[in-house]
Amino acid sequence: MAIEFTKYHGLGNDFILIDNRAQSQPVITPEQAIQLCDRHFGIGANGVIFALPGENGTDYTMRIFNSDGSEPEMCGNGIRCLAVFLADLEGNAKKSNQYRIHTLGGVMTPELMADGQVRVDMGIPKLLSSEIPTTLVDSNEKAISEPLEVADELWSVTCVSMGNPHCITFVEDVAAIPLEKIGPQFEHHPAFPQRINTEFIQVVRPDYVKMRVWERGAGITLACGTGACAALVAGVLTERCDRSATVELPGGSLQIEWSELDQRVYMTGPAERVFTGKIG
């Protein structure tokens with residue numbers, strides 16, 4: 001049976017979107033997702049995203065298979081792509097420019113803005129080591145500026161969960177980081193029992209940072225929305241960043257705010273349709 005899909009990207013972080021609203025389980029397997037994400041023998045993507053029926057009063061449910069077949073809890077760039085995909089599916093029947101999306105990382109609320117950007121309420125970051133999870137822990141049961149040995153070097157890292165786990169380290173020059181070499185060593189470090197997304201951050205100004213990322217299950221990507229959110233939180237916690245900042249990634253920039261009023265993190269950025277097709 002042929003399955004229709006649409007490909008979208010958020011700052012070059014690209015996804016295959018599938019209308020899965022007719023049933024509650026993904027219509028393809030993780031093994032099939034691996035094949036589809038292959039950039040030489042498949043469609044090519046960082047992951048496959050499914051738009052499923054909502055759960056617990058939400059409008060829709062989001063599930064993702066990474067390019068290695070693993071299933072992450074959430075994806076920031078992916079949920080912006082999903083919001084635009086849902087608006088395209090609904091067409092003229094669309095009743096709202098905002099959705100409540102059930103994810104394995106909690107309920108997220110993307111809003112389509114008049115300028116074409118998507119603003120997402122990413123929720124309240126989790127900071128306890130047990131919530132991330134990580135074995136790194138300080139006297140406050142968090143992992144803020146903790147030492148971690150990777151690739152025979154001692155790194156100072158801060159760990160944050162945005163519904164999925166992140167390890168952030170601040171560096172002088174992100175361009176000089178041998179990401180392909182050390183990214184996997186961070187991801188599979190014993191300190192992270194569920195593996196980890198790793199962000200390397202160069203603070204240009206308190207309101208402007210540069211970031212490169214190694215994503216758990218996807219490797220080097222051009223952007224990571226949850227990672228940008230986690231990076232800003234880590235920057236605030238370590239007194240390097242303002243509560244609102246531009247995060248520059250290889251694929252473009254995101255606007256991130258960690259609201260002092262409600263402690264929620266808000267991400268604003270683009271999502272664009274690339275092409276449509278059929279599988280099978």
- Compute the ring centroids of Phe50 and Phe15, then answer whether they are less than 6.0 Å apart. no
- Query: Which atom names give the shortest non-hydrogen contact between Met162 and Met108, and what distance separates them?
  - Reply: O-CE, 4.2 Å
- Is Asn164 reaching over with its side chain to a backbone N or O of Met74, donor-acceptor style, under 3.5 angstrom? yes
- Does the side chain of Tyr99 pick up a donor-acceptor pair with the side chain of Glu90 at under 3.5 Å? yes
- Does a side-chain N-to-carboxylate-O contact under 4.0 Å join Arg264 and Asp121? yes
- Task: Find out if a path of hydrophobic residues (ILVMFWY) with successive side-chain heavy-atom gaps under 4.5 Å connects Ile201 to Leu222.
- Result: no
- Quick check: are there more than 12 heavy atoms from other residues, nucleotides or ligands sitting under 6.0 Å from NZ of Lys210? no
- Message: Under a 3.5 Å threshold, yes or no: a donor from one side chain and an acceptor from the other, between Glu272 and Tyr8?
- Response: no
- Message: Assigning hydrophobic clusters by single linkage (Ile, Leu, Val, Met, Phe, Trp, Tyr; side-chain heavy-atom cutoff under 4.5 Å), is Val174 placed with Val213?
- Response: no
- Query: Which heavy atom in Asn66 sits nearest to a heavy atom in Pro72, and how many Å separate them?
  - Reply: ND2-CD, 3.5 Å
- Message: Counting only heavy atoms from other residues, nucleotides and ligands, does the tally under 6.0 Å from CZ of Arg273 exceed 12?
- Response: no
- Task: Might you confirm whether atom CD of Glu239 has over 12 heavy atoms from other residues, nucleotides or ligands at distances under 6.0 Å?
- Result: no
- Flag the pair Arg243 and Glu257 as a salt bridge only when some basic side-chain nitrogen lies within less than 4.0 angstrom of an acidic carboxylate oxygen. no
- Between Gly217 and Ser67, which heavy-atom pair has the shortest distance, and what is it? O-OG, 3.5 Å
- Item | Which atom of Val118 lies closest to which atom of Pro110, heavy atoms considered | CG1-CB, 4.0 Å
- Nearest non-hydrogen partners of Ala230 and Ile168, listed with the distance: O-CD1, 3.7 Å
- Message: One thing to verify: whether Arg216 and Glu187 come together as a salt bridge, which I'm taking to mean a side-chain N less than 4.0 angstrom from a carboxylate O.
- Response: no
- Tell me, please, which residues at least two apart from Asp19 pass salt bridge (charged side-chain N to carboxylate O under 4.0 Å, His left out). Arg21
- Query: Counting only heavy atoms not in Glu4, do more than 12 fall under 6.0 Å of its CD?
  - Reply: no
- Task: Please examine the side chains of Ile28 and Ile18, heavy atoms only from C-beta on, and report whether any two atoms are closer than 4.5 Å.
- Result: yes
- Query: Is there a donor-acceptor pair under 3.5 Å between the side chain of Glu146 and the backbone N or O of Ala143?
  - Reply: no
- Query: Is there a donor in the side chain of Ser70 and an acceptor in the side chain of Asp68, or the other way round, less than 3.5 Å apart?
  - Reply: yes
- Would Asp173 and Arg212 count as a salt bridge (charged side-chain N to carboxylate O under 4.0 Å, His left out) if you check the C-alpha gap in whole Å, the side-chain angles of each, and the deciding distance to 0.1 Å? CA-CA 10 Å; Asp173 181 9; Arg212 291 178 69 203; over 6 Å; no
- In terms of hydrophobic clusters joined by side-chain contacts under 4.5 Å, are Val160 and Phe200 together? no
- Query: Any chance the side chains of Thr221 and Asn46 put a donor and an acceptor closer than 3.5 Å?
  - Reply: no
- Does the ring center of Phe186 lie less than 6.0 Å from the ring center of Trp155? yes
- Message: Under 3.5 Å, is there a donor on one side chain and an acceptor on the other for His166 and Thr198?
- Response: no
- Task: Please test Lys181 against Asp152 for salt bridge (charged side-chain N to carboxylate O under 4.0 Å, His left out), starting from the C-alpha separation and ending with a verdict.
- Result: CA-CA 12 Å; Lys181 175 185 174 183; Asp152 299 320; over 6 Å; no
- Task: Could you tell me which non-hydrogen atom of Pro53 sits nearest to which non-hydrogen atom of Ser24, and how far apart they are?
- Result: CD-CA, 4.1 Å
- Is there a donor-acceptor contact under 3.5 Å from the side chain of Asn20 to the main chain of Gln25? yes
- Query: Which residues satisfy the side chain to side chain donor-acceptor pair (under 3.5 Å) test with Arg240, sequence neighbours excluded?
  - Reply: Thr238
- Neighbour count above 12 (heavy atom, 6.0 Å) for Gln23 CD: yes
- Task: Please identify each residue that fulfils salt bridge (charged side-chain N to carboxylate O under 4.0 Å, His left out) with Asp138, with sequence neighbours left out.
- Result: none
- Over 12 non-hydrogen atoms of neighbours within 6.0 angstrom of CZ in Phe41: no
- Item | ILVMFWY cluster, Met267 and Ile64 together (side-chain gap under 4.5 Å) | yes
- Quick check: are there more than 12 heavy atoms from other residues, nucleotides or ligands sitting under 6.0 Å from CD of Gln263? yes
